[in-house]
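Start at 1 and go down the list; that is how both ligands and their atoms are numbered. On a predicted model such as this, the values are computed, not experimentally measured, just so you know.
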Amino acid sequence: MKVLLLTTPGNVSRQSVYFPLGLGYISAILEKHGIDIRILDSASEKSSWKEFKKKITKSDADIFGVACNTHTRFDCFKAARIIKEINPNAKTILGGPHMYTTDLDTLKNIPEIDAIVRGEGEFTMLELVNKLERNKSLKDVKGVTYREGNRIIRNPERPLMDNLDRLPFPARHLLSLRKYQIQNQSVPVMFSRGCSMSCVFCGNRVMWGRRVRFRSPESVGDELEYLVNEYNVDFINVLDDTFNINPKWAMKVCDEIINRKLDLKCRLRIRADRLTEELVKKMKIIGCKWAGIGLESASPRILKRIRKLVTVDQVRDSIKLCVKYGINPKVFTMANLPGETFEDMKMTLAFSRMIKRKYREQVDIALKPAIAVIYPGTDLENLAYTKGILPRKFRWSQQYYNLKNIIVGVDPRVPIYENIRIEKLAAFFFKEHVISETFYNLKSIAISKNKFRDIIGPTIHYFSRFIYWDG
Ligand code: B12
Ligand code: SF4
């Protein structure tokens, strides 16, 4: 049987030119077991639906596996419909971060989908393909929810893989890595899976769980050496939720890269509460150019409420440390979190402004925080039902398009955690972000002509959100 794994066309995909690492891992396992496997990355190719249809028509695959996140879910359903229209005998399988808790609802409402893989996909997909190949029932395949006649059957969970070193390296040869490198420079890699924290809004831990699994430093070193030798890779993007969740392990990984004399640049995501100067020094030696740090809110009350378990001081100190060693931090902030008031938001805005003015180009921090959206399986989703923000009858598979989201720059297909009403929030940010910034910059316009850029910048940034989601 032939398998085609794919990402879908659609307007979210405009942002992403990224090798799809999850599909790369699944492909590697299938390929290792002799299965004919291809990848179609319509998202990165920025294909139109017309081109997508042409490619599906040409494809001789029997099984189509679609990667699905919450923003692309309707595109994935559309893809399954197109596949079934073109080839009614094909099997359509959905997997990915959106699918972990929405499997039953999706299968009930979208008849063109045959099965859903929940969670980690590598071994589930391998067993599933083997069963389909032998025309056998899927009843023993852990982690699958599937259709059998009129019934929908949800098999037990598949335990998370213990030993990540068992996985072959992602099948990067199935796509042109060069093409991705030209557009995106860095090549995605993953050294660990999971995060032991439990931030209420986080979609990552729904998928990967709270038990962090680490690859051995040797396995990481082997993959990086392979990437350098085979593909001339010189810039990696480490997608781990938190590189320093276990600082000792992070140090060992750095040592491995240093000992192998790998000449690389990298991006890392870190937590401020676990950063030491010793580690920052090593991060610098292994070529870290960019470190993502989650602050979310500068209000201690909100930090506690969302269970972030970092303090504003820790974030401030981490920024300082990174800057000291020539690493550019990117600090992430959010707004409209549970129980958050405008006063709390003002604290975050004030913090961001202070950092921006103190460090200028050395630190990347948005003056307008990201608005908290709800992902399935998160604590925020449960809270949204309890507080009546999401109606009890809300179903992820049913049409959802909230045009109002656009005024705060959020995808209309995903619900916002509407702690404060969207209209009020938009007015607040317009006043705080555009007017205040412009006023501040006008005051100092005489200092430099560059200030003109600082006025135009936030205004364009604000209004660009109105044109992004064009339906
Ligand atoms: C790198 C990344 C990106 C990159 C690249 C995405 C890509 N093409 O791979 C960029 C920056 C472009 C990006 C963009 C977005 N991202 Co993103 N991203 C990530 C990140 C950090 C890593 C993804 C990754 O490669 N993981 C490693 C691989 C091994 O895991 P995986 O892809 O999940 O695949 C495994 C399983 O999901 C499953 N699986 C996946 N696909 C399939 C398909 C089949 C058929 C099967 C059987 C199984 C299966 O098996 C795989 C192996 O075990 C994750 C967080 C995380 N820790 O995963 C967020 C994450 C996936 N992103 C997320 C979001 C929301 C987005 C955006 C919508 C953000 C935005 N508002 O613009 C866009 C959407 C882009 C798009 N076209 O879909 C959310 C998704 C939450 C959700 N419930 O949907 C996550 C989980 C982060 C979060 N905020 O919670 N993202
Ligand atoms: S620390 Fe980051 S990855 Fe971990 S639960 Fe919080 S937001 Fe998610």
Side-chain angles (χ1 to χ4, degrees), residues 3-29 41-44 46 63-73 75-76 92-102 115-126 128-129 143-144 160-161 167 170 180 184 188-190 192-208 210 212 237-242 245 269-274 292-294 296 306-310 332 334 370 373-379 381 396 409-411 413-414 468:
V3 182
L4 180 71
L5 297 179
L6 58 95
T7 61
T8 51
N11 54 10
V12 186
S13 54
R14 275 202 247 138
Q15 309 163 317
S16 49
V17 178
Y18 241 83
F19 176 83
L21 201 62
L23 299 188
Y25 269 116
I26 298 173
S27 302
I29 280 279
D41 188 6
S42 308
S44 293
K46 304 191 187 319
I63 300 173
F64 292 81
V66 185
C68 186
N69 67 51
T70 303
H71 296 252
T72 61
R73 67 195 187 283
D75 296 328
C76 297
T92 48
I93 319 290
L94 258 65
H98 179 69
M99 283 303 155
Y100 197 65
T101 58
T102 62
I116 282 172
V117 168
R118 313 188 308 267
E120 223 160 35
E122 289 87 348
F123 289 99
T124 312
M125 193 63 181
L126 175 64
L128 186 148
V129 173
V144 169
L160 291 167
M161 242 177 282
L167 284 173
Y180 291 91
N184 194 341
V189 288
M190 216 169 191
S192 67
R193 288 185 178 181
C195 173
S196 53
M197 300 295 155
S198 50
C199 306
V200 295
F201 55 83
C202 183
N204 298 3
R205 67 184 192 91
V206 175
M207 260 267 327
W208 302 113
R210 285 190 65 191
V212 192
N237 186 356
V238 182
L239 300 186
D240 300 30
D241 291 335
T242 310
I245 196 82
R269 289 157 184 79
I270 52 174
R271 272 185 66 94
D273 59 325
R274 299 189 178 200
I293 304 174
E296 324 310 353
I306 62 171
R307 293 200 298 268
K308 187 70 205 176
L309 303 181
V310 293
F332 296 97
M334 292 178 93
V373 300
I374 304 168
Y375 290 127
T378 57
D379 292 339
E381 185 193 26
W396 288 99
V410 174
D411 183 350
R413 294 163 297 187
V414 178
Y468 179 70

**Request:** Give the C-alpha distance, both sets of side-chain angles, the deciding distance and a yes or no for side chain to side chain contact (heavy atoms under 4.5 Å, CB included) between S27 and L5.
**Result:** CA-CA 8 Å; S27 302; L5 297 179; 3.5 Å; yes
**Request:** Under the side chain to side chain contact (heavy atoms under 4.5 Å, CB included) rule, what do L21 and M190 come out as? Steps first, then yes or no, please.
**Result:** CA-CA 8 Å; L21 201 62; M190 216 169 191; 3.9 Å; yes
**Request:** Mind running side chain to side chain contact (heavy atoms under 4.5 Å, CB included) on E381 and V206 for me, showing each step along the way?
**Result:** CA-CA 11 Å; E381 185 193 26; V206 175; over 6 Å; no
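Between R269 and ligand 1, no N or O atom pair is found at a separation short of 3.5 Å. Between H98 and ligand 1, a contact under 3.5 Å exists for no N or O pair.
Of the listed residues (L239, V238, T242), the one carrying the non-hydrogen atom nearest atom 22 (C) of ligand 1 is L239. With atom 40 (C) of ligand 1 as the reference point, the heavy atom nearest to it among G96, G143, C199 is part of G96. Between atom 35 (C) of ligand 1 and the options Y25, F64, Y18, W208, the minimum heavy-atom separation is to W208. For atom 57 (N) of ligand 1, the candidate residues are V414, N204, D241, T124; the nearest heavy-atom contact is made by D241. Comparing C202, G203, G377, P97 by heavy-atom distance to atom 61 (C) of ligand 1, the nearest is P97. With distances taken over non-hydrogen atoms, the option nearest atom 2 (Fe) of ligand 2 out of R269, K308, R210, M334 is K308.
When non-hydrogen atoms are compared, ligand 1 lies under 4.0 Å from the backbone of N69 as well as from its side chain. Looking at T72 against ligand 1, only its side chain comes within 4.0 Å, counting heavy atoms. Contacts with ligand 1 closer than 4.0 Å are made by side-chain heavy atoms of L23 only, the backbone lying farther away. Proximity of I26 to ligand 1, defined as any heavy-atom pair under 4.0 Å, is confined to the side chain (atoms from C-beta onward).
Close approach of ligand 1 to M190 is summarised as follows: ligand atoms under 4.0 Å from at least one heavy atom of the residue are 27 (C). Residue E122 has at least one heavy-atom neighbour below 4.0 Å for each of these atoms of ligand 1: 52 (C), 53 (O). For ligand 1, the atoms lying closer than 4.0 Å to a non-hydrogen atom of R193 are 29 (C), 53 (O). Each of the following atoms of ligand 2 lies closer than 4.0 Å to a heavy atom of N204: 3 (S). Taking a cut-off of under 4.0 Å to the non-hydrogen atoms of V117, the atoms of ligand 1 that pass are 47 (C). The L21 neighbourhood of ligand 1 comprises atoms 25 (O), with distances under 4.0 Å to a heavy atom of that residue. Below 4.0 Å from some heavy atom of E120 lie the following atoms of ligand 1, by number and element: 53 (O). Near G119, the atoms of ligand 1 lying under 4.0 angstrom from a non-hydrogen atom of the residue are 36 (C), 38 (C). Each of the following atoms of ligand 1 lies closer than 4.0 Å to a heavy atom of M125: 47 (C).
The backbone N or O of V238 lies less than 3.5 Å from a partner atom in the side chain of R269, making a donor-acceptor pair. Of the possible donor and acceptor atoms, none in the side chain of T242 sits under 3.5 Å from a partner among the backbone N and O of I270. Remark: side-chain polar atoms of S196 are not paired, donor with acceptor, to backbone N or O of R210 under 3.5 angstrom. The backbone N or O of Y375 sits less than 3.5 Å from a side-chain atom of T378, completing a donor-acceptor pair. In this structure a side-chain-to-backbone donor-acceptor pair under 3.5 Å is missing from T102 to W396.
Counting only heavy atoms from C-beta outward, the side chains of L167 and E120 never approach each other to under 4.5 Å. Using a 4.5 Å heavy-atom cutoff, the side chains of I63 and M125 are in contact. A 4.5 Å side-chain heavy-atom check between V66 and T92 finds every atom pair outside the cut-off.
For the ligand labelled ligand 1, residue S44 lies outside the 4.0 Å heavy-atom shell.
For the atom pair NE2 of H98 and SG of C76, the computed distance is 8.5 Å after rounding to the nearest 0.5 Å. In this structure, the separation between CG on D240 and CH2 on W208 is 10.5 Å, given to the nearest 0.5 Å. Atom CG in L94 sits 14.0 Å away from atom CZ in R118 (nearest 0.5 Å).
Among protein heavy atoms, the minimum distance from atom 4 (Fe) of ligand 2 is reached at C195 SG, 2.3 Å. Counting protein heavy atoms only, atom 8 (Fe) of ligand 2 is closest to C202 SG, 2.3 Å. Shortest contact from atom 1 (S) of ligand 2 to any protein heavy atom: R271 NH1, 3.3 Å. Among protein heavy atoms, atom 6 (Fe) of ligand 2 sits closest to C199 SG, 2.3 Å.
Between N204 and R193, the side chains place no donor N or O within less than 3.5 Å of an acceptor N or O (distance only, hydrogens not considered).
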